[in-house]
Every structure is written in structure tokens, then in C-alpha cells.
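Each residue takes its place number in the sequence, starting with 1.
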Amino acid sequence: MNVHHEHPSIVPHPRRHGWKVNTGATIIWQDAPMPGDSSMTYRRVGRILYEIGMVSGDGMRRVVDEFADVADDELSHYGAACALGSFGVAVSIHADDIDSIYEDYAHLLATAAQVAGDRVQVTNVRIVEGEGDFEDGRCDRLEFERDGAPVSIDAEHFADDYYDPIAASVAIRHTAADDDPRSWHNVRFDREPHRVYDDIMILATPDQAAALQEHLGFQLLPA
């Protein structure tokens, strides 16, 4: 069956940097590229993610609208990395205290699974306590079922309200489906001395990882 597609009409928007694209069925706003734009803002992060296929146009605009008051404010490199989570393509492993290791790992893995499209079922997340006390580092096990198969990860905890970031990173890797062309990466960003930062993990293809480094300056290391 032959389907006739009309060419969309493109009209400059009088008040913003972009165009109104009329496809006949729908009208969308398309941001114009900004040559030489090296700013770090929610708007630019969203545009890059859209251009490399990590978010939809609607998803990009929804987040930019949500942060409309600050969408064009300059972000630090770390702030831009954190913004990846706002667009639903990354998760943060908090470096500061959390509510409880006995509950928050489950929430973290549920968020990661959602980023990965909920194609993997992570259930029965639990901490199996090891010997010793927190003062010297308690050697626990982070356990869960991945699509029904048991997973067990070494985890060292120094308090009941702080993640083991290495164990959390290893666990997050299990949330991507085996045939997913994307893989989890640790996002490396500019850091200042004597500051504590969350670990940011993003799910991306090799081409997307290279584009994020080129356009946003992030170095993505396989998790």
C-alpha cells in the first residue's frame, strides 16, 4: 500500500531559537542548533540527548518545561551530569547518607531497571549481614533475583545509611537486558578537590557514549 507523506512546513518561531514544524497531523517545536554553543544548561543537555537518540522530543521538552525557571542557567559539569538523571537516562548512587541500606538498594535498582526499559525483573533485594561491625567495615552480601536467577554481590558497609558504591555499580549492571545494545557506564566529570560527589551511571551505546564525550565533555567508563 502506498502512503503519501506531505513535506512538513517549517515556520520560524518569533520568540525562541527554533522553528514550528507543522507535519499536517501534529505541530512540534524544534530547537535550532546553536553553532559554537558550549554552555552547560538543562536545555543544551536535553538537546544533545535528543539528537543522539537517548530521549524523545516529547521527553526532552517535558523536562525542559519542568525546569523552565532554570533551564538556561549555567550548570557545573557535575550539575550537568546530575541533569542526565532528570531526563531519565541515568541514575545517581548517593555519596551522602541514605535512609537505609536495607531498603534503598531496592529503590536504586528499580530506578535503574526503569531506565533500562523494565525488560529485566529485579526482585527480593536484600542485605545479608556479615560478621563484624560497621566501624571496621562490615562485609555483607547484596542479594536479589534477576529474572528469577539468584545474584550475590560482595558489599562493604561502614554504616547502615551509606551505600557501598562499588557494589551498587555492579548491581546496576544487571538491570540491562542481555540483548540490549546499550551498557552501563560511569560518568566522569570535572571535580573539585575535597568535595564529595554522587556516582552517576548512564545506559548508552558506544556511539552515544562517544557523542556525550564530544558534546558535553563526559568521559564514560564501562561499569
Side-chain angles (χ1 to χ4, degrees), residues 38-42 44-55 59-60 63 75-96 98 101 104-120 122 125 137 139-142 144 146 151-158 162-223:
S38 60
S39 62
M40 286 288 181
T41 65
Y42 268 96
R44 181 165 182 262
V45 171
R47 186 171 68 247
I48 296 299
L49 292 175
Y50 169 68
E51 289 173 353
I52 65 177
M54 295 190 72
V55 299
M60 174 192 68
V63 176
L75 298 170
S76 67
H77 207 208
Y78 174 58
C82 292
L84 298 170
S86 299
F87 286 96
V89 299
V91 295
S92 296
I93 303 172
H94 294 306
D96 289 329
I98 57 176
I101 57 174
D104 284 27
Y105 278 107
H107 176 71
L108 178 67
L109 293 180
T111 302
Q114 186 176 30
V115 170
D118 282 326
R119 296 183 57 204
V120 170
V122 177
V125 181
C139 296
D140 298 332
R141 305 286 294 175
L142 171 60
F144 53 89
R146 179 186 187 268
V151 176
S152 183
I153 300 167
D154 290 333
E156 187 176 20
H157 294 117
F158 293 88
Y162 283 86
Y163 287 126
D164 176 341
I166 296 176
S169 175
V170 172
I172 286 170
R173 288 193 338 228
H174 289 277
T175 63
D178 294 335
D179 61 350
D180 196 322
R182 304 168 297 171
S183 58
W184 284 102
H185 297 74
N186 289 303
V187 180
R188 291 291 180 259
F189 43 81
D190 297 341
R191 294 171 180 257
E192 297 178 6
H194 313 300
R195 281 197 58 186
V196 176
Y197 296 91
D198 291 352
D199 288 342
I200 310 296
M201 294 188 63
I202 191 169
L203 189 65
T205 66
D207 287 344
Q208 290 168 339
L212 289 168
Q213 180 167 351
E214 178 183 355
H215 296 291
L216 295 176
F218 297 131
Q219 183 181 10
L220 269 61
L221 303 178

With a 4.5 Å heavy-atom cut-off, do [X] and [Y] have their side chains touching?
{"X": "Glu156", "Y": "Ile166", "result": "no"}
{"X": "Val187", "Y": "Asp199", "result": "no"}
{"X": "Asp164", "Y": "Phe158", "result": "no"}
{"X": "His174", "Y": "Val120", "result": "no"}
{"X": "Leu49", "Y": "Val89", "result": "yes"}
{"X": "Ile52", "Y": "Thr205", "result": "no"}
{"X": "Asp104", "Y": "Tyr163", "result": "yes"}
{"X": "Leu221", "Y": "His185", "result": "no"}

Handout entry: Atom CD of Gln114: over 12 foreign heavy atoms under 6.0 Å
Key = no

Exercise for the section: Verify the distance criterion only: is there a donor paired with an acceptor across the side chains of Trp184 and Ser169 at less than 3.5 Å? Expected result: no

Under 3.5 Å, is there a donor-acceptor pair between the side chain of [X] and the main chain of [Y]?
{"X": "Arg44", "Y": "Ser39", "result": "yes"}
{"X": "Gln213", "Y": "Ala210", "result": "no"}
{"X": "His94", "Y": "Ser92", "result": "no"}
{"X": "Arg119", "Y": "Ala177", "result": "no"}
{"X": "Tyr197", "Y": "Glu192", "result": "yes"}
{"X": "His77", "Y": "Asp190", "result": "yes"}
{"X": "Gln219", "Y": "Phe189", "result": "no"}

Problem - Audit row: Glu51, Arg47, side chain to side chain contact (heavy atoms under 4.5 Å, CB included) steps and yes/no - result: CA-CA 6 Å; Glu51 289 173 353; Arg47 186 171 68 247; 3.5 Å; yes

Exercise for the section: Before giving the answer on side chain to side chain contact (heavy atoms under 4.5 Å, CB included), spell out for Ile202 and Leu220 the whole-Å C-alpha distance, their side-chain angles and the decisive distance to 0.1 Å. Expected result: CA-CA 8 Å; Ile202 191 169; Leu220 269 61; 3.5 Å; yes

Practice task
Identify whether the distance between the nearest side-chain nitrogen and carboxylate oxygen of Asp178 and Arg146 falls below 4.0 Å.
Solution key: yes

Practice task
Evaluate the criterion side chain to side chain contact (heavy atoms under 4.5 Å, CB included) for residue pair Phe87 and Val45; output intermediate values, then yes/no.
Solution key: CA-CA 9 Å; Phe87 286 96; Val45 171; 4.0 Å; yes

Problem - Nearest atoms (heavy-atom pairs only) where Asp198 meets Ala95 - result: OD1-N, 2.9 Å

Exercise for the section: Mind running ring pair (Phe, Tyr, Trp, His ring centres under 6.0 Å) on His157 and Tyr105 for me, showing each step along the way? Expected result: CA-CA 13 Å; His157 294 117; Tyr105 278 107; 5.7 Å; yes

Practice task
Start with the C-alpha distance between Val91 and Ile200, add both sets of side-chain angles, then the distance that settles side chain to side chain contact (heavy atoms under 4.5 Å, CB included), and finish with yes or no.
Solution key: CA-CA 6 Å; Val91 295; Ile200 310 296; over 6 Å; no

